Number of protein chains: 2
Amino acid sequence: MTKTTEEIIMDAAIKVFTRGGYAAARTSDIAREAGINRALLHYYFRDKQTIFNLIFEGRFKEFFGGLFKVMQSEDSLEEKIRKIINHEIGTLILHPDLPRFIAIEVASRPELLVEYGTKLGLNPRMLIARFEELTRAEIAKGNIRDIDPKQLLINIMSLSIYPFVAQPIIRVMMQMDPVMFQQSMERRKQEVFEFVMNAIKKHA
Amino acid sequence: MTKTTEEIIMDAAIKVFTRGGYAAARTSDIAREAGINRALLHYYFRDKQTIFNLIFEGRFKEFFGGLFKVMQSEDSLEEKIRKIINHEIGTLILHPDLPRFIAIEVASRPELLVEYGTKLGLNPRMLIARFEELTRAEIAKGNIRDIDPKQLLINIMSLSIYPFVAQPIIRVMMQMDPVMFQQSMERRKQEVFEFVMNAIKKHA
DNA sequence: CCCCAGTTTAACAAAATTGTTAAACAAAAT
DNA sequence: ATTTTGTTTAACAATTTTGTTAAACTGGGG
């Protein structure tokens, strides 16, 4: 389980790139973070852009890959909602900077989304199709109140992801240290689930 | 109402800085966006950092200033929730890049939050105190279900703000053009309000 | 012991970006 | 009409960041 230098560099690059995006990342930061020097960095990788591409693809997959799998499962709506929330918050506890990183890079070059999406065989229509269908069925059966399935999905994602994007702000506003924040996010899996289920439940 | 060159430059700088943050902004981008040249930019402003500071303070105020006012109003909880949502989504429809910008800069230099917060006389404790008190009172009265007021506030912010942070991603996933997105956000004011109120309502 | 992949050092070249300057020019103000 | 102010151009200096190179060193494998 001892890491190769290549892996050490990649891990460092992930940290530095995800912290502030491509433009803010210095190759010297990556080297320092990896505990090596810049020359060695170029010994293993052509240049900054090459490292970035490798990382972006990996992070992109991490962020969307699992989501796609969960989204296409054959569960009930309730179970699917639970799995989406658990999956999102769970991976983000391990990789808190991920959503900000993706947001920064996709905002500055939106074509990345389509490019890497197709590269990984992810089809946006497929992603939401089953969820939409399932939600409409539950509405038709009268199990939940009438709500736009797309908005519901946006709501679930918002509740799961936003706290990580805004982590530093929330930490100050709510006066939490990093440990408290992480614990809070652990509890949040259940709380967000309840919040959503309550929100879509019918009231007498 | 004709703009001074200074204002034109500032407007351009807002666009460029909020698009990708300080590190990704080129002074030549700002000049091009303003329709002037780099020399003139330095004629009006000392340097890039000076322009950035002015803009960050302004954007920070825009983002948090109004929120603080709303948060301290004397409304009922329900009315306060409605106002928070309307205020957040309303200003973000006008300035969609704002939350990503704040998130990027605060993440790379968290001390900015405290620095500009105190500079503008905004106290985080004050911000949430009234909201927390009010929520607890409603819980005690049995009007809403038992929920952590901080989590509730995070939920409201998440639902209001996240869609703008993730705008490019949502647009692709949900297959919306920019106009559809904006219309969708207009409707969202009401939908988020209903979603939240349902979520905290008690069930039989 | 010697070789060699991996690594460091240090110097440097190349590129990108920022900031400065002087000169010329345009338009408005006096 | 001429000064002043705002603006452009173009060249360039300074700085920062990236990428390259050569030489030396290190430690383990053959």
Side-chain angles (χ1 to χ4, degrees), chain A residues 1-59 97 100-101 104-112, chain B residues 1-59 97 100-101 104-105 107-109 111-112:
Chain A
M1 211 42 192
T2 61
K3 283 183 180 162
T4 70
T5 305
E6 218 165 343
E7 288 164 344
I8 292 172
I9 294 173
M10 283 297 279
D11 288 350
I14 288 173
K15 275 194 198 165
V16 175
F17 277 128
T18 54
R19 198 177 293 150
Y22 183 87
R26 299 288 98 101
T27 56
S28 53
D29 295 339
I30 299 174
R32 188 170 344 103
E33 181 76 40
I36 54 116
N37 49 51
R38 282 191 327 112
L40 195 61
L41 193 146
H42 289 294
Y43 175 83
Y44 281 102
F45 301 96
R46 193 75 49 208
D47 56 20
K48 184 181 166 184
Q49 188 63 55
T50 301
I51 306 179
F52 177 82
N53 292 344
L54 287 169
I55 286 176
F56 186 82
E57 179 160 350
R59 301 288 87 190
D97 289 336
R100 197 182 325 108
F101 171 66
I104 293 173
E105 296 305 328
V106 170
S108 67
R109 291 172 47 216
E111 68 275 13
L112 288 178
Chain B
M1 210 44 193
T2 60
K3 283 184 182 161
T4 70
T5 304
E6 217 163 344
E7 287 165 344
I8 292 172
I9 293 173
M10 284 297 278
D11 288 350
I14 289 173
K15 276 193 198 168
V16 175
F17 277 127
T18 54
R19 197 177 293 150
Y22 183 87
R26 298 289 95 100
T27 55
S28 53
D29 294 338
I30 299 174
R32 189 168 346 102
E33 182 75 41
I36 54 113
N37 49 52
R38 282 193 323 117
L40 195 61
L41 192 147
H42 289 292
Y43 174 82
Y44 280 102
F45 301 96
R46 195 79 45 211
D47 55 20
K48 185 181 165 183
Q49 189 64 53
T50 302
I51 306 179
F52 177 83
N53 291 346
L54 287 170
I55 286 176
F56 186 83
E57 177 160 352
R59 302 288 86 190
D97 290 335
R100 197 183 324 109
F101 172 66
I104 293 173
E105 296 306 330
S108 66
R109 291 171 49 214
E111 69 274 13
L112 288 178

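Naming convention: chains lettered A, B, ... in sequence-line order (proteins, then strands); numbering from 1 in each chain. What you see is a predicted model; the values in this text were computed from it and never measured.
Between the CD1 atom of B:I8 and the C1' atom of D:dT7 there is a distance of 12 Å, given to the nearest Å. Put simply, CD1 on B:I36 is 11 Å from P on D:dT9, counting in whole angstrom units. Here D:dT16 presents its P atom at 13 Å from NZ of B:K48, a figure rounded to the nearest Å. In this entry the distance linking CD1 of A:I9 with P of C:dG6 reads 11 Å, nearest Å. What separates CG of B:L40 from P of D:dA10 is a distance of 16 Å, to the nearest Å. In this structure, CZ of A:R26 is placed 8 Å from C1' of D:dT16, rounded to the nearest angstrom. Atoms CG (A:D29) and P (D:dG19) sit 14 Å apart, rounded to a whole Å. Between A:Y22 atom OH and D:dT17 atom P there is a gap of 13 Å when expressed in whole angstrom units.
Counting all heavy atoms, side chain and backbone alike, B:Y44 lies closest to B:E6 at CD2-CG, 4.0 Å. Shown here for A:L54 and A:M10, the closest heavy-atom pair between the two residues is CB-CE, 3.8 Å. Taking all atoms of both residues into account, the shortest heavy-atom contact from A:A34 to A:I9 is CB-CA, 4.1 Å.
A:A25 comes within 4.0 angstrom of sugar-phosphate atoms only, judged by non-hydrogen atoms across all strands, and of no base. At the heavy-atom level, B:A31 lies nowhere under 4.0 Å from the strands shown. Note on A:F45: nothing from the nucleic acid sits closer than 4.0 angstrom, heavy atoms only. If you check every strand for non-hydrogen atoms under 4.0 Å, B:N37 touches a base.
Nucleotide C:dT30 is matched to D:dA1 when pairs are restricted to Watson-Crick or G-U wobble geometry with both distances under 3.5 angstrom. The pairing partner recorded for C:dC1 is D:dG30, the criterion being a Watson-Crick or G-U wobble arrangement whose two distances lie under 3.5 angstrom.
For C:dT18, the OP1/OP2 oxygens have a side-chain nitrogen or oxygen of B:T27 closer than 4.0 Å. Contact annotation: B:Y43 does not reach the phosphate of D:dT7 (side-chain N/O to OP1 or OP2, under 4.0 Å). For B:S28 and C:dT17, the shortest distance from a side-chain N or O to OP1 or OP2 is not below 4.0 Å.
Contact check for A:E105 versus A:F52: side-chain heavy atoms found under the 4.5 Å cut-off.
Side-chain atoms of A:R38 come within donor-acceptor range of the base of D:dG19, with a qualifying N/O pair under 3.5 Å.
Donor-acceptor pairing under 3.5 Å is recorded for the side chains of A:Q49 and A:N53.
Residues B:G35 and A:A39 both approach DNA chain D. Their nearest nucleotides, taken by heavy-atom distance, put B:G35 toward the 5′ side. Toward the 5′ end of DNA chain C lies the nearest nucleotide of A:T5, the other residue of the pair A:T5 and B:Q49 mapping further downstream.
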